[in-house]
Amino acid sequence: MKALKMILRASWMVAFLLMILFSTGCRGPIADFMPIMGARGFYEYGHTPYGHPDPFPGSLSGFSVGSKFSGNGIVYMRKASFFDPDHRAKGARDFYYAYLNIAKKLTAGNKVFSTHKMDIVIHSYPDNWNSLSESERKKIIVDYGIELAKAAGYHSNIPYENGTWYGGGVDYESSYSGEDLYSDMVGVYVGEKALRLDLAGKGGYSRHVTRLTQAFVNKNQYVSKSKAWKIIDSLEGKHFVPSKPTKTLIVRNVDVGEDGYIDNVPIPGFTPARMQMTRLPAPRMDFSDFMGFSADIYQGSNASYSKRCAKKLGVSRVNIKDHPRLMRIIGKEMEAKGMKVFY
């Protein structure tokens, strides 16, 4: 009987840990990423959250926001508009794991590999690659790997959003919402800084991501919860219309950085004009000749609606260099449905 109780107790613990792992969407060590999980499943416009009201769980790093930020999974900043911490968490995770995989593959001299539903093809390494010392190659791999990871991690969000745009269902209503891609880029933006600190021996990628996110929202002047609700209420009929089970967005944002920056959607009367808001440098899309390497990044064959998008573009596979053109096609589809689109 005692042995049976021990087995049942162990089984319960395993089930509990698995429940945490899958409910958070964690793809790595739970302890490392709890502080940057973000809350899942929130709808950005409206008063009914679909998840935990604390947008930054994991205050072990000293970032306690339950009584400090606007709550309900969304933050409003005067200089940068709405910000979704869950998308930030996804961006930070995707960038980090993409980097780990890319660095490993470059170290091994691989030329074709996949990461986060993106396929990377290294056409050529630098001419002097084999004559470089191990330490010289390692330094190059860090800098080049980070650039590839920023691009692969960020652009993996396009198939993700396409899956909701073309896939229908509840998420269709919020596909390419105003702050989604910008918030993804915030994750990549703070992720790069956090990774460089981690690689320099000032460790704790997750801790740095949380700290740098706090600095970002502070710098961009987040507002109180009551103020955020007033702003949201003022947008009814302009940015969204009431519907069930969610609210239907009128405004969509498909900016992937064709001009070199990822921009958020301005809120008239509350944020500056779009070009005066906080702009984030977009990841490089053209790797045909960069740092002595020649490479391309494609949507993986398993990426959501990749084949449909390739057909729309008239190509055999979607290169991230095609994403600006793809966004214009999708934007026109949205405009045909009466939506206002920011490119």
Side-chain angles (χ1 to χ4, degrees), residues 21-22 24-29 32-33 36 87 89-126 129 137-138 140-167 180-181 184-185 187-188 191-192 195 199 205 256-257 282-327:
L21 177 62
F22 289 108
T24 59
C26 180
R27 293 191 290 252
D32 287 348
F33 279 88
I36 66 164
H87 274 265
K90 181 181 184 301
R93 285 198 308 270
D94 289 350
F95 161 74
Y96 180 73
Y97 285 114
Y99 172 79
L100 293 182
N101 188 37
I102 289 168
K104 180 180 178 180
K105 299 297 185 181
L106 291 175
T107 300
N110 296 149
K111 287 193 171 184
V112 181
F113 51 92
S114 298
T115 182
H116 282 77
K117 295 188 177 181
M118 307 299 283
D119 294 338
I120 298 177
V121 178
I122 308 293
H123 302 295
S124 62
Y125 281 71
W129 189 249
R137 286 199 298 269
K138 185 175 180 180
I140 292 172
I141 285 172
V142 168
D143 292 333
Y144 186 68
I146 283 175
E147 294 303 315
L148 279 179
K150 285 161 58 178
Y154 175 73
H155 282 275
S156 68
N157 292 293
I158 304 307
Y160 174 83
E161 294 294 336
N162 288 344
T164 57
W165 175 247
Y166 292 121
D180 280 358
L181 293 180
D184 291 325
M185 190 61 225
V188 175
E192 178 185 3
L195 177 60
L199 293 174
Y205 176 79
V256 291
R284 166 182 290 272
M285 287 183 271
D286 187 352
F287 287 88
S288 58
D289 183 12
F290 180 61
M291 292 182 64
F293 293 83
S294 177
D296 280 296
I297 304 177
Y298 300 92
Q299 287 188 13
S301 58
N302 63 335
S304 298
Y305 295 91
S306 181
K307 291 181 179 178
R308 177 187 290 194
C309 293
K311 186 175 181 179
K312 288 176 180 289
L313 290 163
V315 298
S316 59
R317 60 194 306 199
V318 181
N319 193 307
I320 65 169
K321 291 185 288 189
D322 298 319
H323 278 172
R325 187 158 62 96
L326 178 61
M327 291 301 96

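It should be emphasised that the depicted structure is a prediction, and the values quoted were computed from it without experimental measurement.
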Contact between I158 and L181 at the side-chain level, heavy atoms closer than 4.5 Å - yes or no? yes

For Y96 and L195, what are the C-alpha separation, side-chain angles and deciding distance, and is it a side-chain contact (heavy atoms from CB on, under 4.5 Å)? CA-CA 7 Å; Y96 180 73; L195 177 60; 4.2 Å; yes

Parallel, tilted or perpendicular: which fits the ring planes of W129 and Y125, with parallel below 30° and perpendicular above 60°? tilted

So, for A151 and F287, which heavy atoms are closest and what is the spacing to 0.1 Å? CB-CE1, 3.7 Å

Would you list the pairs meeting salt bridge (charged side-chain N to carboxylate O under 4.0 Å, His left out) in which at least one residue belongs to residues 148-160, sequence neighbours left out? E147-K150, K150-E192

Nearest-0.5 Å distance, CG of residue D296 to CD1 of residue I320: 8.5 Å

Under the side-chain contact (heavy atoms from CB on, under 4.5 Å) criterion, do R325 and V315 qualify, and how do the steps go? CA-CA 12 Å; R325 187 158 62 96; V315 298; 4.1 Å; yes

For K321, is there any backbone N or O sitting under 3.5 Å from a side-chain donor or acceptor partner on D286? no

Closest non-hydrogen atoms of I297 and A152, given as atom of the first, atom of the second and distance, are CD1-N, 4.1 Å

My understanding is that only residues two or more places apart in sequence, or in another chain, count here; which of them pass side chain to side chain donor-acceptor pair (under 3.5 Å) with H155? H323

Side chain to side chain donor-acceptor pair (under 3.5 Å) partners for T107, two or more places apart: none

Quick one: closest heavy-atom pair of P283 and M185, and the distance? CD-SD, 3.6 Å

Closest heavy-atom pair, Y166 versus C309, reported as atoms and distance to 0.1 Å, is CE1-SG, 4.2 Å

Does some side-chain heavy atom of D180 sit less than 4.5 Å from a side-chain heavy atom of T164? no

Can you tell me which residue pairs pass the salt bridge (charged side-chain N to carboxylate O under 4.0 Å, His left out) test with a partner in residues 103-121, sequence neighbours excluded? D119-R317

Residues in side chain to side chain donor-acceptor pair (under 3.5 Å) contact with K311, at least two apart in sequence or another chain: none

Would you name the heavy atoms of G167 and Y305 that are closest together and state the gap between them? CA-OH, 3.3 Å

Treating N157 as the side-chain partner and Y154 as the backbone partner, does any N or O pair qualify as donor plus acceptor under 3.5 Å? yes

Just verifying a value: how many Å separate M118 CE and N319 CG, rounded to the nearest 0.5 Å? 8.5 Å

Is there a side-chain contact between Y99 and L199 in this structure, where contact means two heavy atoms from C-beta onward sitting under 4.5 Å apart? yes

Any side-chain heavy atom of S306 sitting closer than 4.5 Å to one from Y298? no

Main-chain N/O of A98 paired to N101 side chain as donor or acceptor, under 3.5 Å: no

In Å and rounded to the nearest 0.5 Å, what is the CG to CD1 distance from L148 to I120? 5.0 Å

Does a side-chain heavy-atom distance below 4.5 Å link I122 with L106? yes

Mind checking the OH-CD1 spacing from Y97 to I102? Nearest 0.5 Å is all I need. 14.5 Å

Nearest heavy-atom neighbours spanning S294 and S288: OG-O, 2.9 Å

Contacts of N162 that satisfy side chain to side chain donor-acceptor pair (under 3.5 Å) - sequence neighbours left out: Y176

Do the ring planes of H87 and Y160 sit parallel (below 30°), tilted (30 to 60°) or perpendicular (above 60°)? perpendicular

